[in-house]
Amino acid sequence: MDHTDLLELVADDLTQSVSKMLIEMGSEDGQRFARRALVNFATQALSGAPRVGGMDISTFTDGERHALAQASAMVLATIQADASRPQ
């Protein structure tokens, strides 16, 4: 799997998880929790942690770990953009 495919796959999964959080927790609490979770996800991926969330990434290359962090950053940016949009 190349970098772009991994990035899209992880971003889609993270987006689905965040959407569930927003529905279950409400917009404000869901966004706050999602932001923290996404930052932790990216931090763990880049720090060399063997597991991130429910994924075993112990055999991931640095490039694959970077794709995970980049996907997390993309979803985080989307949340930020949605939150700053006038309702």
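Quick note: residue numbers are just sequence positions, from 1.
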What closest approach, in Å, do [X] and [Y] show between heavy atoms, and which atom pair accounts for it?
X: M21; Y: A37; result: CE-CB, 4.5 Å
X: L6; Y: A67; result: CD2-CB, 3.8 Å
X: A11; Y: A71; result: N-CB, 3.7 Å
X: A45; Y: A69; result: CB-N, 4.4 Å
X: A34; Y: I79; result: CB-CD1, 3.9 Å

Keeping the roles fixed (side chain from S47, backbone from Q44), state whether a donor-acceptor pair exists under 3.5 Å.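 Side chain of S47 to backbone of Q44, a donor-acceptor pair under 3.5 Å: yes, one is there.
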Hey, does [Y] have a side-chain heavy atom less than 4.5 Å from the side chain of [X]?
X: I57; Y: R51; answer: no
X: F33; Y: L22; answer: no
X: T78; Y: T15; answer: no
X: L68; Y: M55; answer: yes
X: H66; Y: H3; answer: yes

Can M74 be reached from L14 by stepping across I, L, V, M, F, W or Y side chains whose heavy atoms are under 4.5 Å apart?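 Unlinked, L14 and M74 end up in two clusters.
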Under the side chain to side chain contact (heavy atoms under 4.5 Å, CB included) test against F41, which residue among L76, V75, V10 passes?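 The passing option is V10.
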Can you run down the salt bridge (charged side-chain N to carboxylate O under 4.0 Å, His left out) pairs that involve residues 29-44, sequence neighbours left out, and say none if there aren't any?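 Counting only pairs at least two positions apart or across chains, the salt bridge (charged side-chain N to carboxylate O under 4.0 Å, His left out) contacts touching residues 29-44 are E28-R32, D29-R32.
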Which distance, rounded to the nearest 0.5 Å, do you find between the CD of Q80 and the CG of L38?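 With rounding to 0.5 Å, CD (Q80) is 10.0 Å from CG (L38).
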Between CD of Q70 and CG of L46, what distance do you get to the nearest 0.5 Å?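 If we round to the nearest 0.5 Å, Q70:CD and L46:CG are 10.5 Å apart.
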More than 12 heavy atoms from other groups under 6.0 Å of CG on D5: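 Above 12, so yes.
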Short side-chain donor-acceptor distance under 3.5 Å, T4 and D2: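 Result is no, nothing qualifies.
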